[in-house]
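Values reported hereafter were calculated over all heavy atoms of this structure, with side chains retained and with hydrogens, waters and symmetry mates removed.
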Amino acid sequence: MKLAKFWLGLAIVFSGGVLASMTNETDGLVRVKSAHDVSMTADKLVSLLKSKGMTVFTRIKHSESAKKVGVVLRPTELVIFGNPKVGSPLMACSQSVAIDLPQKAVVMEDETGDVWLVYNSPSYLASRHHIEGCDEVLSKVEGALANFAKGATQ
């Protein structure tokens, strides 16, 4: 667990500035501020994921769905993505992590107009699902997510 957190920190530092955009992740979420609007950030994320061989399962525009039922919601989009080469080894370590896979990222505009890309911290998932002995896989996931977030938000 401590090793996974070390690798997350190292990956963020070497990802070129994502750390400065992150907020406290005590709730298990990593938040990265975007320089773009919600749609552009989600477009960039989807493009980057596909270019790296990830499967993008779906993109849900929550704010559009909310409008259909008369609810006003700031721009909010959810991207669900994954790769069995990464998720399967994690599930082999702790099968219950399947409830949190494939990975998700939400891109949302906050009440001040700032746009954030938010995703589950792999170290939080490791703790939640008591994943042990998979530090190498977790560090790869943490580094990849940090790089995807950086690419989509800058």
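Not a single salt bridge (Lys or Arg N to Asp or Glu O under 4.0 Å) links Glu64 to another residue, sequence neighbours left out.
The backbone N or O of Ser123 lies less than 3.5 Å from a partner atom in the side chain of Glu142, making a donor-acceptor pair. A donor-acceptor pair is defined here as one N or O able to donate and one able to accept, closer than 3.5 Å; no such pair exists between the side chain of Ser47 and the backbone of Lys44.
At a threshold of 4.5 Å between side-chain heavy atoms, the hydrophobic network of Ile, Leu, Val, Met, Phe, Trp and Tyr places Met108 and Leu73 in two separate groups. Hydrophobic clustering (ILVMFWY, side-chain heavy atoms < 4.5 Å, transitive): Met40 and Val118 are in distinct clusters.
Looking at every heavy atom in both residues, Ser34 comes nearest to Ala152 through OG-O, 4.2 Å. For the pair Asn147 and Leu48, the tightest heavy-atom approach, listed with the atom from each and the gap, is O-CD2, 4.0 Å. Scanning both residues, Ser63 and Pro75, for their nearest heavy atoms gives OG-CA, 3.5 Å. Scanning both residues, Ala98 and Met91, for their nearest heavy atoms gives CB-SD, 3.5 Å. When all heavy atoms of Lys104 and Tyr119 are compared, the closest pair comes out as O-CB, 3.5 Å. Considering all non-hydrogen atoms of both residues, Tyr124 and Gly28 come closest at CG-CA, 3.3 Å.
Within the structure, disulfide (SG to SG under 2.5 Å) pairs that include any residue of residues 39-130 comprise Cys93-Cys134 (at least two apart or interchain). Among pairs with a residue in residues 65-77, those fulfilling side-chain hydrogen bond (donor to acceptor under 3.5 Å, both in side chains) read Arg59-Glu77, at least two apart in sequence or across chains.
Side-chain contact of Asp37 with Ser39: a donor-acceptor pair under 3.5 Å is absent, judged by distance alone. Side chains of His36 and Thr41: no donor on one and acceptor on the other come within 3.5 Å.
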Audit row: Val30, Leu145, side chain to side chain contact (heavy atoms under 4.5 Å, CB included) steps and yes/no: CA-CA 10 Å; Val30 178; Leu145 289 173; over 6 Å; no
For Arg128 and Asp100, run side chain to side chain contact (heavy atoms under 4.5 Å, CB included): C-alpha distance rounded to whole Å, both residues' side-chain angles, the deciding distance at 0.1 Å, then the answer. CA-CA 10 Å; Arg128 178 178 186 201; Asp100 288 311; 2.7 Å; yes
Gln103 and Asn120: side chain to side chain contact (heavy atoms under 4.5 Å, CB included), yes or no, with the steps? CA-CA 8 Å; Gln103 184 66 254; Asn120 285 316; 3.9 Å; yes
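A distance of 10.5 Å separates CG in Asp110 from CZ in Arg31, rounded to the nearest 0.5 Å. How far OG1 of Thr153 is from CZ of Phe148: 13.0 Å, rounded to the nearest 0.5 Å.
Counted within 6.0 Å of NZ on Lys140, heavy atoms from surrounding residues, nucleotides or ligands total 12 or fewer; the atom is thus considered open.
Two residues are said to be in side-chain contact when any heavy atoms from C-beta on lie closer than 4.5 Å; His130 and Ser94 fail this criterion. You'll find the side chain of Leu138 reaches within 4.5 Å of the side chain of Leu90, heavy atoms only.
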